[in-house]
There are 2 protein chains.
Amino acid sequence: MSTRRETVRQALTGCTGFRSAQDLYADLRAGGSKIGLTTVYRALQALSDSGEVDVLRTDDGEAVYRACDSEAHHHHLVCRKCSTAVEIEGPAVEEWAAEVGARHGFTGVTHTVEVFGTCAECARS
Amino acid sequence: MSTRRETVRQALTGCTGFRSAQDLYADLRAGGSKIGLTTVYRALQALSDSGEVDVLRTDDGEAVYRACDSEAHHHHLVCRKCSTAVEIEGPAVEEWAAEVGARHGFTGVTHTVEVFGTCAECARS
DNA sequence: CCCCTTTTTGACAATCATTTTCATTTTCTC
DNA sequence: GAGAAAATGAAAATGATTGTCAAAAAGGGG
Ligand SMILES: [Zn+2]
Ligand SMILES: [Zn+2]
Ligand SMILES: [Zn+2]
Ligand SMILES: [Zn+2]
């Protein structure tokens, strides 16, 4: 399909951490692309709708995206300084979330889990 | 201290679910208060800074607050429809988060965990 | 290729939660 | 009560995100 969406996907795939729409737009423009900000937003929307990229919110509410290796359900360990992320899994957490939801009579239970810290790299400086 | 902050704290304490600053402002005005929106924001900021209220982000990035019973570290099971929340604990999750952070060389590890679903009440309608 | 329909794009304006400003009011201290 | 310090709120500013709409690109017969 759209060549622009592909451009955005690739820009994101080249990143190890989470990036905002504004970040990606700046990167792409700096790289010579004539892409528009609106298009970056639309591409990220489409990519996250289709589950190709993960999205989370920073403390100040900004949406940040990441093209993860795994398509399967997983969580992230994110560096507070450089935003580098590691994909992590926690079967125990999955079970706990489902169980606690059921125990309180909730249905259609989902969860969000993110772990933050300072990565070894950033800890040096 | 501030009388206004106390007003906001009480308004929030009367709620079972998470409310946004705009929600609380509307509630208070509807109740006859002459409080300003800025003050509601400032009160919520102060209350969350001091750990008296919990804050989380909705899917669209809006900050919502809750005056929980427990001052201790805990998480929430939140209804997707009415936003009613139940305070939950998960020792296994606490350990898992700390362990996975350490295993990858991260320091100062924290985490965010929220469980969502439809409460029994809302499931009926 | 050419014409026409459909989709994509991007500049610009519009939203909307949140933050800043700043002058006024209230509270505190002496 | 007088003056300094903190709190308040109306209005303007900010900044990410979304909506609008006309121009540009892509597709598909003929
Ligand atoms: Zn780092
Ligand atoms: Zn999970
Ligand atoms: Zn409910
Ligand atoms: Zn926890």
Side-chain angles (χ1 to χ4, degrees), chain A residues 1-12 15 17-67 78 80 83 112 114, chain B residues 1-13 15 17-67 78 80 83 85 112 114:
Chain A
M1 299 283 137
S2 140
T3 202
R4 289 308 200 186
R5 182 178 308 182
E6 197 50 40
T7 302
V8 172
R9 188 211 311 277
Q10 283 177 25
L12 196 52
C15 303
F18 281 85
R19 310 300 305 276
S20 71
Q22 308 270 357
D23 286 344
L24 285 168
Y25 172 68
D27 288 353
L28 288 165
R29 296 295 286 212
S33 170
K34 294 299 181 207
I35 198 169
L37 179 58
T38 308
T39 305
V40 174
Y41 272 102
R42 273 190 292 239
L44 289 171
Q45 185 78 59
L47 289 168
S48 77
D49 283 351
S50 75
E52 291 171 89
V53 309
D54 287 349
V55 54
L56 60 86
R57 297 264 170 190
T58 62
D59 281 338
D60 51 306
E62 195 179 8
V64 288
Y65 304 84
R66 183 174 198 270
V78 186
R80 211 173 272 121
S83 91
T112 65
E114 308 297 337
Chain B
M1 301 285 138
S2 142
T3 243
R4 290 309 200 186
R5 180 178 309 182
E6 197 51 38
T7 301
V8 172
R9 188 211 312 278
Q10 282 176 25
L12 196 53
T13 303
C15 304
F18 280 86
R19 311 298 307 276
S20 71
Q22 309 270 355
D23 287 344
L24 286 168
Y25 172 68
D27 289 353
L28 289 166
R29 297 295 286 211
S33 171
K34 296 296 182 210
I35 197 169
L37 178 57
T38 307
T39 305
V40 174
Y41 273 102
R42 274 189 290 237
L44 289 171
Q45 185 78 60
L47 289 168
S48 78
D49 282 353
S50 74
E52 291 171 87
V53 308
D54 286 349
V55 53
L56 60 85
R57 296 267 169 189
T58 63
D59 281 338
D60 51 305
E62 196 178 6
V64 288
Y65 304 82
R66 182 175 198 270
V78 186
R80 214 174 269 122
S83 91
T112 66
E114 308 296 337

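Every chain is numbered from 1, with letters handed out A, B, ... down the list of sequences. This one's a predicted model, so the numbers in the text were calculated from it and none came from an experiment.
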Asks: Compare side-chain N and O positions of Tyr41(A) against OP1 and OP2 of dT18(D) and report whether any pair is under 4.0 Å apart.
Replies: no

Asks: Would you say that Val8(A) contacts Leu28(A) through its side chain, given a criterion of any heavy-atom pair below 4.5 Å between the two side chains?
Replies: yes

Asks: Output the rounded distance in Å from CG (Leu44(A)) to P (dT8(C)).
Replies: 16 Å

Asks: When only distance counts, do a donor and an acceptor, one from the side chain of Arg42(B) and one from the base of dG9(D), lie under 3.5 Å apart?
Replies: yes

Asks: What pair of heavy atoms forms the shortest contact from Phe18(B) to Leu56(B), and how long is it?
Replies: CZ-CD2, 3.4 Å

Asks: May I ask you to verify whether the side chain of Thr38(A) and the base of dA11(C) hold a donor-acceptor pair under 3.5 Å?
Replies: yes

Asks: Within the 3.5 Å criterion, strictly below it, is a donor on Ser50(A) or Glu52(A) matched to an acceptor on the partner's side chain?
Replies: yes

Asks: Considering only dT17(D), dT18(C), dT8(D), which nucleotide approaches the side chain of Glu62(A) most closely?
Replies: dT17(D)

Asks: Separation of Glu6(A) atom CD from dT8(C) atom P, in whole Å?
Replies: 14 Å

Asks: OP1 or OP2 of dT7(C) less than 4.0 angstrom from a side-chain nitrogen or oxygen of Arg4(A), does that happen here?
Replies: no

Asks: When you measure from the side chain of Gln45(A), which nucleotide among dT18(D), dG10(C), dT18(C) comes out closest?
Replies: dT18(D)

Asks: If I compare all heavy atoms of Leu24(B) with all of Arg19(B), which pair ends up nearest, and what's the gap?
Replies: CG-CB, 4.0 Å

Asks: For the pair made of CD1 in Ile35(A) and P in dA24(D), what is the distance, rounded to whole Å?
Replies: 18 Å

Asks: Measuring from the side chain of Leu37(A) (C-beta onward, heavy atoms only), which nucleotide among dT18(C), dT17(D), dA11(C) has the closest atom?
Replies: dT17(D)

Asks: Find the distance Asp23(B):CG to dA17(C):P and express it as a whole number of Å.
Replies: 10 Å

Asks: To the nearest Å, give me how far apart CG (Asp60(B)) and P (dG15(D)) are.
Replies: 21 Å

Asks: Rounded at 0.5 Å granularity, tell me how far CZ in Arg5(A) sits from CG in Leu44(A).
Replies: 10.5 Å

Asks: How close or far is atom C1' of dT8(D) from atom CZ of Arg29(B), stated in whole angstroms?
Replies: 12 Å

Asks: Expressed as a whole number of angstroms, how long is the span from Gln22(B):CD to dT15(C):P?
Replies: 16 Å

Asks: Please report the distance, rounded to the nearest Å, between CG in Leu28(A) and C1' in dG10(C).
Replies: 14 Å

